[in-house]
Each structure stands twice: as C-alpha cells, then as structure tokens.
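In listed order, ligands and their atoms are each counted from 1.
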Amino acid sequence: MRVATIPCLNDNYAYLLIDDDNRGVVIDPSEAPPVEAALEREGVELSAIWLTHHHYDHVGGVQALVETHGPLPVLGSAYDMEHGRIPCQSRGLSEGDTLDFAGLPVELLEIPGHTLGAIAYVVDGCVFSGDTLFIAGCGRVFEGTMPMMQTSMAKLRALPASTRIYCGHEYTQKNLEFAQNIEPDNAAIDARTRWANELRAAGETTMGGLLGDELDTNPFLRWDAETVISRAQRDGADADPGAVFGAIRKAKDRF
Ligand code: ZN
Ligand code: FE
C-alpha cells in the first residue's frame, strides 16, 4: 500500500491509498479538484471513499467524486449513516467490522468525542485518525464528553509505537507551541518542534509521523505523565485520566 497525501482547502489533508494494481481509496476528500489531480498524477482509478467523520471539511468532495467516478462504495460510521450526515454514504461501519484494502485487513476504531460518529481506519501500519488524534495534538470536543474523548485517545495510544499517523489537518507546529507551554522542560518536544519546522520549511507535510514520538510529546496522550497531571491539577482537575485530559483540552481551547 502506498499513501499519497493530498493538501485540500487551507490546512486539510485527504489521503489516497494506492494498491499494486493502481486502484485507490480516498479518505476524507474535502474537495474534489485536488483529489482529481492526484488521481491523474498517480494514474489511479478510484474504487471507494472512506470518511472519518461528517464535517464539511472532510466530506465536501464526496458528491462530486461519486458523480464523476461512481457508483462507488462510500464508507463512514454507522452513527453518521443513521443520522444521514455523510453524502452518498452506502455503508455504516461499527468497530469490529471487517474491511480490507487490496487484501490487507483494515481495523476500524470507534473514537467518539470530536463527533459522536468519528472513526479511525488502521491499515498496513498506518492510522487515519481524522480530527481525533492530530500530530502533537487532538481535535476539539464538539459532540462528546472529555472522558469519552480520552477513552478514544487511549484506543489510539494503544496501537503499536511504529504506527504512522495521517490526520485531518496540518496543525502540527501550532500544536507543538501548546505542548511546549504545557511541558516547558520536555526535551522531546523541542526535538519534535525542530523536526516539524524543518519539514514545513521544506514545504513538506508532517503526516506519517510516528505514534512512538507522540507518546513523548503529545499532551493529549500524556494524561499519566507527572508534568501533565500537575498542570491539570493547577487548573483544578482531579488526577484521573478523563479529568486531566479535559483540563488540558480546555487549556488548548483558550491558548
Ligand atoms: Zn472535524
Ligand atoms: Fe476537520
């Protein structure tokens, strides 16, 4: 499996998964034209569309792609299908459902919090995490609760450290500024900042970053780190994971 990262809108990413026969699945096409350009450039025939959640900046290109390349399977969560909030959705997925990409098993994780229908796709050592886990950060908690989102982040944290992260937005540098603020003495965050700055200065994406690096640097995966707990406690939170996560998420909303 090959992954092509497709910049869309201002700071969104869609992803094209490409198999050996040049057939491809697009994840989170927020608009069609850059996806069409990528299909053309890669010489790929579109065979399905997968969505992580229903927000416009993830599904905005679905209808146009289906009109041009369809009929196509359009996959999203069972929750979003029930609520009819993903255009052209043909199948509603639940955790434990079996799915494959070119013979590779795809693991489906339900990760509610940012939205109640949020899901992640795990395939070939990569996780497509939408607006839940960002590189060095996480999405806002719009529909769920803080403990719910923390449980979802714990599911993602449990993936192998070698997992590569492909998320919905290039927020990495901003996220690292916040991480620095939460843990000013964490040298791993300094190193991660240099890594991100070099990539961005070269016009490259930070997508594909390793989960193992996140464990040391992402404050939203570090609810059991002493420094993060004491910061949350200064904001009046208890030390339990949901409360620590919630305090840090609220601090980010104000940052
Ligand atoms: Zn979103
Ligand atoms: Fe988004």
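Rounding to the nearest 10°, we obtain 100° for the angle at the Zn ion (ligand 1) between His53 NE2 and His114 NE2. For the pair OD2 of Asp131 and ND1 of His55, the angle whose vertex sits at the Zn ion (ligand 1) is 170° to 10 degrees.
Classification of the Tyr121-Trp50 ring pair by plane angle, with boundaries at 30° and 60°, yields parallel. Phe128 and Tyr166 have parallel rings, their planes meeting at less than 30° on a 0 to 90° scale where 60° marks the start of perpendicular.
In terms of heavy atoms, Asn175 sits closest to Ala136 at CB-O, 3.3 Å.
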| Derivation of the side-chain hydrogen bond (donor to acceptor under 3.5 Å, both in side chains) call for Thr52 and Asp28 | CA-CA 7 Å; Thr52 62; Asp28 284 3; 2.7 Å; yes
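A donor atom on one side chain and an acceptor atom on the other are not found under 3.5 Å apart for His53 and Glu143.
Comment: Arg231 does not engage Glu183 in a salt bridge, judged by the lack of any side-chain N to carboxylate O separation of less than 4.0 angstrom.
The number of protein N/O/S atoms found under 2.8 Å from the Fe ion (ligand 2) is 4.
Other residues, nucleotides and ligands contribute at most 12 non-hydrogen atoms within 6.0 Å of the NZ atom of Lys174.
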